[in-house]
Amino acid sequence: MNGTKRKAGIIGATGMVGQRFVSLLENHPWFEPAYLLASARSAGKTYGEAMAEKHASAPEYAKDMVIYDANKPEQIAGKVDFVFCAVNMKKEEIRLLEERYAKLEIPVVSNNSAHRDTRDVPMVIPEINPEHLSVIPFQRKRLGTKRGFIAVKSNCSLQSYVPLLHPLRPFGIKSAAVCTYQAISGAGKTFETMPEICDNVIPFIGGEEEKSEREPLKIWGSVLGGEIVSAAEPVITAQCVRVPVSDGHTAAIFVSFEKKPTKEEILNAWESFRGEPQTLSLPSAPRKFLQYLPEENRPQPRLDRMSGNGMAISAGRLREDTLFDYKFIGCSHNTLRGAAGGAVLLAELLAEKGYFD
């Protein structure tokens, strides 16, 4: 990157993930938050006014920024280098909205699920599958664009187990079972707005188990003929539970291998793993992506979600299992690594590789 900051828009800036984008981009070394966009009812207000209505705070730099209507992308066409997108709309509406921005030659880095199944849209965890960005020229050809495209990050809960399984793939993962214990911020809620979660767990999160089983296979897939073809294996089964935790998703992971590694080999695989963001020293990349905590009662969301400024993945309690080969616990910050922070890191990777040029 040269000294000139790229201008970014934030679509859905008043929502929970959008607020994270606004705070993360304050003093970002590469990106300048130039436009904030939200629904028509927020358009015309200052960001400070909109946040006051939500009883939330706004960074000083953003308080006087006027909110634009997200459904009028023509207003910012040619004025931004790219946009982040984190909106609460129906999936088909999001799909069409993101394509409108892309067709106006505005690259879209999306936190939404609408395009995760689109075969020429890369769904990237930057440390794991940066090579999937190579489908972007084929997507541009389909959309009829020169600059515009859509790239997405994966579901937030995947961050608590897929990064820990990934370095173990050379041992031949046959099958995996995972149960995720997901924070209320993943539903855009707080304890005030979700009182039913207090002293309770809710054993259903709509669509979450299907995403948890399917999305890893796209991440581990191959680029063939301008499309991403999902991997056929391993078989993954998932259960997803909402728990009374503010931030931080925890996962209980069970895994079997074609060639069972020793415990030391698993620990070494985690310890030595470095992804492209670490090699490139991207601004949001944690220096150490994966960390193993030897204490019997770790990882815990309250203690470990902010590891690596909320961008690292924590593991613990690795041990042999009676049904699978091994079991262990994972933990990640769902609105940082799992949402806004993961999208910012993806944008940094796209910028470094020239996709915004």
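Model, not experiment: these values are computed from the prediction.
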Nearest-0.5 Å distance, [atom1] of residue [X] to [atom2] of residue [Y]:
{"X": "Leu37", "Y": "Asp69", "atom1": "CG", "atom2": "CG", "result": "8.0 Å"}
{"X": "Leu158", "Y": "Ile236", "atom1": "CG", "atom2": "CD1", "result": "8.0 Å"}
{"X": "Lys5", "Y": "His28", "atom1": "NZ", "atom2": "NE2", "result": "8.5 Å"}
{"X": "His249", "Y": "Ile313", "atom1": "NE2", "atom2": "CD1", "result": "11.5 Å"}
{"X": "Lys91", "Y": "Arg116", "atom1": "NZ", "atom2": "CZ", "result": "8.0 Å"}
{"X": "Thr335", "Y": "Arg20", "atom1": "OG1", "atom2": "CZ", "result": "3.5 Å"}

- side chain to side chain contact (heavy atoms under 4.5 Å, CB included) partners of Arg214, counting only residues at least two apart: Asp117, Glu210, Lys211

- Note on the structure: Sequence neighbours excluded, the answer for side chain to side chain contact (heavy atoms under 4.5 Å, CB included) partners of Thr193 is Lys189, Thr190

- Query: Is the gap between the ring centers of Trp270 and Phe328 under 6.0 Å?
  - Reply: yes

- Note on the structure: Joining Ile, Leu, Val, Met, Phe, Trp and Tyr whenever any side-chain heavy atoms lie under 4.5 Å apart, the cluster holding Leu303 also takes in none

Does any non-hydrogen side-chain atom of [Y] lie less than 4.5 Å from one of [X]?
{"X": "Thr237", "Y": "Glu213", "answer": "yes"}
{"X": "Tyr101", "Y": "Cys85", "answer": "no"}
{"X": "Met51", "Y": "Val22", "answer": "no"}
{"X": "Phe273", "Y": "Pro163", "answer": "no"}
{"X": "Val109", "Y": "Phe356", "answer": "yes"}
{"X": "Pro286", "Y": "Asn309", "answer": "no"}
{"X": "Trp220", "Y": "Pro234", "answer": "yes"}
{"X": "Met306", "Y": "His333", "answer": "yes"}

- Query: Only one of Phe31, Phe84, Tyr47 clears ring-ring contact (aromatic ring centres under 6.0 Å, His included) with Phe21; which?
  - Reply: Phe84

- Has the side chain of Glu105 got a donor or acceptor atom that lies under 3.5 Å from a matching backbone atom of Lys146? yes

- Query: Is there a donor-acceptor contact under 3.5 Å linking the side chains of Asn155 and Glu208?
  - Reply: yes

- Would you say the side-chain atoms of Ser154 and Glu215 include a donor-acceptor pair closer than 3.5 Å? no

- Message: Evaluate Leu350 against Val124 for side chain to side chain contact (heavy atoms under 4.5 Å, CB included), listing each step before the verdict.
- Response: CA-CA 11 Å; Leu350 288 161; Val124 174; over 6 Å; no

- State whether the number of non-hydrogen atoms from other residues, nucleotides or ligands found under 6.0 Å of Asn268 atom CG is greater than 12. yes

- Does Lys260 count as lying over the ring of Tyr326, i.e. NZ or CZ under 6.0 Å from the six-ring centre, within 45 degrees of the axis? yes

- Begin from the C-alpha positions of Glu127 and Leu345 and carry the test side chain to side chain contact (heavy atoms under 4.5 Å, CB included) through to its verdict. CA-CA 10 Å; Glu127 283 87 353; Leu345 183 62; 3.7 Å; yes

- Message: With a 4.0 Å cut-off on N to O distance, would you call Lys174 and Glu258 a salt bridge?
- Response: no

